[in-house]
Amino acid sequence: MSRTFSFGALARRPEAGAALGLFAVLIFFAIFGGVTFLKPSGMASWLNVAANLGVIAIPLGLLMIAGELDISVGAMVPFGAMTVSVISGHYGLPIWMGIAAALSFGVIVGLVNGFLVIRTAVPSLIVTLGTLFAVQGIVLGLTVLITKSTSVALKTEGVAKVMFGDFVLGGQMQVMVLWWLGLTALYVFFVHLSPFGNWVFAMGGDKVSARNAGIPTERLTMVLFVLSSTSAAFVGMCQAILYNSAQVAGGQSFIFNAIISVVVGGVLLTGGFGSVIGIFFGTITFAIVTQGIYYTDFDRNWSSLIIGVLLLGAVLMNNTFRKMALSYAPKKGGK
Amino acid sequence: MSRTFSFGALARRPEAGAALGLFAVLIFFAIFGGVTFLKPSGMASWLNVAANLGVIAIPLGLLMIAGELDISVGAMVPFGAMTVSVISGHYGLPIWMGIAAALSFGVIVGLVNGFLVIRTAVPSLIVTLGTLFAVQGIVLGLTVLITKSTSVALKTEGVAKVMFGDFVLGGQMQVMVLWWLGLTALYVFFVHLSPFGNWVFAMGGDKVSARNAGIPTERLTMVLFVLSSTSAAFVGMCQAILYNSAQVAGGQSFIFNAIISVVVGGVLLTGGFGSVIGIFFGTITFAIVTQGIYYTDFDRNWSSLIIGVLLLGAVLMNNTFRKMALSYAPKKGGK
Amino acid sequence: ADIAVIGGSNDDAFWNIIKKGIDDATPGVVANGGSVNYLRLVNYDNFAPDVVQLIRTAISMEVDGLVIPNWVPEAEDPAIKDAIAAGIKVILMNAGGADKATELGAINYVGSDEYVAGLAGGEYFGKGGQKNVLCINTLPGASNTEARCKGVIDGVTTAGGMGAQLPLPTTSFGDATAVAEAIKAELLKDESIDGVITISAGDADSAAIAVDQAGKSGKTLLGSFDMNQAGLDRIKGGTQAFAIDQQPYLQSFLAVSLLAAHIDFGTDLPVFPVLTGPGIVDASNIDATLAGVAKGAR
Amino acid sequence: MAAPILALRGVNKSFGPIDVLHDITLEVRAGEVLCLLGDNGAGKSTLIKIMSGVHQPSSGTIEMDGTGIGLPTPRAASEKGIATVHQFGGTFPLMSIGRSFFVGVEPTKGFGPFKVYDRQRANDIAVKAVRDFGITRIDDGDRLVGGLSGGERQSLAIARAVHFGARVLILDEPTAALGVKQATHVLRIVNEAKRRGLAVIFITHQVMHAMAVGDHFAVLIRGAVAADFHKGEKTREEITDLMAGGASMASLEAEIETYMNSHGGHPPPPAQ
Amino acid sequence: MAAPILALRGVNKSFGPIDVLHDITLEVRAGEVLCLLGDNGAGKSTLIKIMSGVHQPSSGTIEMDGTGIGLPTPRAASEKGIATVHQFGGTFPLMSIGRSFFVGVEPTKGFGPFKVYDRQRANDIAVKAVRDFGITRIDDGDRLVGGLSGGERQSLAIARAVHFGARVLILDEPTAALGVKQATHVLRIVNEAKRRGLAVIFITHQVMHAMAVGDHFAVLIRGAVAADFHKGEKTREEITDLMAGGASMASLEAEIETYMNSHGGHPPPPAQ
Ligand SMILES: Nc1ncnc2c1ncn2[C@@H]1O[C@H](COP(=O)(O)OP(=O)(O)OP(=O)(O)O)[C@@H](O)[C@H]1O
Ligand SMILES: Nc1ncnc2c1ncn2[C@@H]1O[C@H](COP(=O)(O)OP(=O)(O)OP(=O)(O)O)[C@@H](O)[C@H]1O
Ligand SMILES: [Mg+2]
Ligand SMILES: [Mg+2]
């Protein structure tokens, strides 16, 4: 803080690669996407996508920093959407009950994931793959049982609509963008400023040593799993309120999209390294790439290829930066 | 081999859990699925599914034993199908050229995966996630560019049809079942009998020590990645020949299905432990569960839930067996 | 008669209405000592092989009758022929058409046709004066969704306009915001787009927001294939022009009843093929439709 | 004399069916170094894990200043002033030196819900602690631990324990991977801690290191205390025998010499 | 006298910009134990990795029996009869003892393309080799390595190297984690290998172990050979000083004693 500026110190931050990547992508689409891409309405287009993805990507990224993975978010998005729609749409109960139920289910699934990961030594990829399928099955089975349909409408009015599923700032930006910015600020505080964050990094670096150092690793694992699945349920719930309807299908794309954003954001898949700001940049980068293509004249059929190449490029760049970080020595003349 | 029978020795084999699971599932569906489920035509129904999945699951399982993962198989299935359909269907070139091209592309993508994993220290989950998207993009882009359509028909006759895409043994069983059995036998030989297999386990156990022990780890990694993506291309190619057509979309379900089969088969996600026979059993178990439900009176909507619970159950069972294997001591009275 | 019906994915709303038709027809079949088994795809990821696998499964169950959509003729035809050769009576439903039924030896065809349905949608746009229509395909590469969009484009083109397909990458499938923002981006980029149609009812929820956000409500008409409650609410409220309905309830209800009667009593319906759609739901018939929806049949 | 700072009374520990520790009674006093000796697998690490809250004893009690206490978690132990350097791990390669030093006990500034991690202070304290330890090449607390050498990392872990070890300092084979110079540093630290009045428990397989700092020796053989004696009560040869699990061995060098001769070993070739 | 089995001539090694080894010239002869000494980070492990084909020298040559050779891979080295136990790892927890023992050099039976791994033979040889090493509790080659204790695993790795070390045996800190008894076993093995005419390179931080088996000593300081002498040419104190990186230190015990006194350290309390 009080030090003078140093390029070395900047380059070895986890978000350095992500920031560069974001910059490159912005320039690219500013050139090929034309002026609409950077107008407020164009910006809103990728910010909205980034917001929905980002609310899930940050807690997922924290899990990855802590050395775990959560695939089940892919089922939690439709679960959250369906819960609020069934309770407040199908049964017509107050919207707050639907919201509370959606979030509670997020907490419950998170607890189940956390419990299974802690008790059995099974890798969390496998555990959450299991809960992914199980939750998908529950959502489908219960929805059809209750509503005889796989698509449920929901009409929301008043405060809840404004808070969770409306457009703000000139009617272009989803209110989710505000949630995303607020949550990101909170996460930055907790992960990088409060002591709590240090624990997450320590856990991802070496779980046994972290426990021996007095960190409550089991409780922390629980908290992180609850955070990620509740966030996914929250996003699903907000989407249902915004789009006035929920489908049983979908949400699976969030799994890979969030992982890509996190990795592009400079988090190490094996744990112990990363930053919230990096994930934030990674999410925006991903959103720009997937949305930016609609502003260009490229053939839409190539978008998957572009996403794949972007991912590989970003990962290689992050790798380079991480090596720089490790071999960094403060003095130029120093031995 | 020459030893007397020992329950302990049996229980600590990697496939013990998988065999038990298969047995349980067979009994379950024999009871609830009725007699048709076990008649030749009923058996063919799940054997066909198992065969297509198994040809991909075994090399993927070997990769997992070696400590790597290959997500890109999900794009290689449509890639293989589309390659043979475009070359021999759209352009009308000889079917052998289409087959050769499909397999060659499998080899190329495998080499790219292997190269990237070896050269950069990026986890293979991320590398192959990148190639998954890239290959998906290439398949969609090129197919539309060449054929102006996303579905290409293919008419095959003669030896190629009989060898790769026909029904055998009373017209119920796909020829793929024979390929699967043959390949499984080959894999069993190479992995459990030839010295080559030992190398795969050593690599998954500790890559640096394996290299220091004189094992060509880089070449082996390459070979395994080539094996998995070529196998996926092979399955896609055979499906195109059998069903006389290829679609751009699809194949993604193979990713999770194959991983589930491998894990149910007792392979350790972190590497170094597993067996081909276990994966073989795991694949059959998975196929029986997904197909068996059609023979029962259960509501189909719950099938995802059943698969999820099966996966979690299998993993927990395998965990128990692995602990038994590690704490196994030969003599009862021994200290 | 023991009858198997093959249908689309579990989480596909359309195929749940089909299920309602089957469920309503089942008591009649059971009353005559038969059964009905509804075999559904788990997903559309490995489409043709999975469908054929289901046909083979049905054959192995030694059913008497089979109701099957002929989505991928090249792949399905051999299996359907095998079924007929095994003495199973077949009715094509939902996809295939009369010519195909005759060619294969099926006893009838009940349904509409994806392409014809698309054509009807395109013509509806044409009649409304729409000149530039975008068909949103969130599942590019699947033959049924491709056929829908192709029909729309052809329909608009014959009516003197033009149309294009927007294929979305798998990364946006199931993410309502990603779909909405993609559509909005296209609308912003090309001011002349005055019609949008989505391949599923759920995507229309996103498209409605996108049209609104692009500031083109009233200027850009929105249509959808299939329908859900939210879509019908929009039609009633005037923010969506129409939905193309194949009346799936009729397809399965009629197909199962006709087939069972044919097997059990030897009846034959002189109507060939039995077309259940496409029906267009718009402001003119929305109230009757909503009544049917409440009962799960539309 | 004063009551022991920390004492185990009749402690047993088993993992499932495996009994690892049998009826251990042991005391450690302020300003005293207790050397814990014993063969591989004798149970030394398990014993100190009980004292540092990692494992719970199956039976028996732990006393601090003469009153029975429980150590349910590592955190409880460190709050009671017991700091431990475990045999493996203990540092986090991808964390900065400052953060790694303060893991679990992060210094904060600010107040109420706005307490933030005090990076500057953490770095300064960590760098000073490590430099006091003789590792003068380290002067930036933001450097990542992964960039340090093995010896430097081990020093960091020990410096951390010394810094937080208010009353009891436990070191599990701290010198095993260290070079002669670094090992000497560690021994010097142990003496410094003793001088400050800490109780130190020191595990080593090297007789020389044990003899250099130990005041009090306890030898574990197959999970039981086989000997418990003070400095000067036994000869080096006796201690070596005890460390080898009670096997009676002649002095290492002598034994090997004998072995060589009895096998007609080749004498080393003369210098060129 | 005979040419050295293995010799390095003017070997340099750098990793990118970091120079780790400078102009190393070193010889090792049949029936001789070369002790490689030096501080942490002096470059000992890097040096032996060059001799075992893991790293390639940046410049300089490797000679075997007087002729220059290349060691492009670990396999090439082991085919030339150079067997190495590296500092970390070397065993595979989830593999059986037999398979782990023969990793990379699996024994086969059968012929042509039907050569199969000979499990029975592998198990028998592995169990015998480990038992010869004094670990008599092992009698089933199918047991998984993960179930062995740390000392047993280390013994397995060394037994493996001895078994395959046809001409040169390299041990990188094999005794670091071992108890007194196990360490003595290792030293005995080193002598046995020497007796059989192997050249042994032995790395240790323990002066006692080095003195016990070494015929010839080489000391690395910051990547260069600082001293190269034979048994009896230097005193233990001189060797200790050299091992500490050339820092002149008085004898360990003496130094600490002095330190204590100068700080008025508390003497140990008398026995109860
Ligand atoms: N969590 C555990 N579960 C089962 N057995 C264990 C566990 N931890 C240790 N043991 C066993 O307890 C015994 C003592 O282990 P411990 O690590 O305490 O030995 P040690 O004296 O520290 O040996 P070393 O000198 O090799 O470090 C060993 O046989 C070990 O296998
Ligand atoms: N692959 C590598 N890349 C960069 N630097 C390396 C690499 N391997 C070793 N070094 C550096 O080379 C130096 C010598 O390391 P080496 O492992 O040979 O030391 P050593 O003498 O074996 O030390 P110790 O006694 O601690 O085992 C160290 O500074 C180390 O950081
Ligand atoms: Mg220990
Ligand atoms: Mg070393």
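Just so we're on the same page: letters track the sequence lines, and every chain starts at 1. The figures here come from the full heavy-atom set of this structure, side chains too, leaving out hydrogens, waters and symmetry mates.
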Can you measure from OG (D:Ser78) to CG (A:Asn212) and round to the nearest 0.5 angstrom? 11.0 Å
Looking only at non-hydrogen atoms, find the nearest pair between D:Pro74 and A:Arg211 and report the distance. CG-O, 3.1 Å
Restricting to non-hydrogen atoms, name the atom on D:Arg75 and the atom on A:Gly214 that form the minimum distance, rounded to 0.1 Å. NE-O, 2.8 Å
Identify the heavy atoms of D:Arg99 and A:His192 that sit nearest to each other, and give their distance. NH2-O, 3.1 Å
Heavy-atom side-chain proximity of A:Pro195 to D:Thr108 below 4.5 angstrom: yes
Give, as side chain, backbone, both or neither, the part of A:Phe196 having an atom under 4.5 angstrom from any heavy atom of chain D. neither
Compare all side-chain heavy atoms of A:Phe201 with those of D:Val103 and state whether any distance is below 4.5 angstrom. no
Nearest-0.5 Å distance, CD of residue D:Glu106 to CD1 of residue A:Ile215: 6.5 Å
Is D:Tyr117 close to chain A through its backbone or its side chain, or both, or neither, when contacts mean heavy atoms under 4.5 Å? both
Among the options A:Ala210, A:Pro216, A:Gly197, A:Gly205, pick out the one with the most heavy-atom pairs lying under 4.5 Å from chain D. A:Ala210
Write down the atom of A:Asp206, the atom of D:Phe92, and the distance for their closest heavy-atom approach. O-CE2, 3.5 Å
For A:Phe190, does the CZ atom sit with more than 12 other heavy atoms under 6.0 Å from it, leaving out its own atoms? no
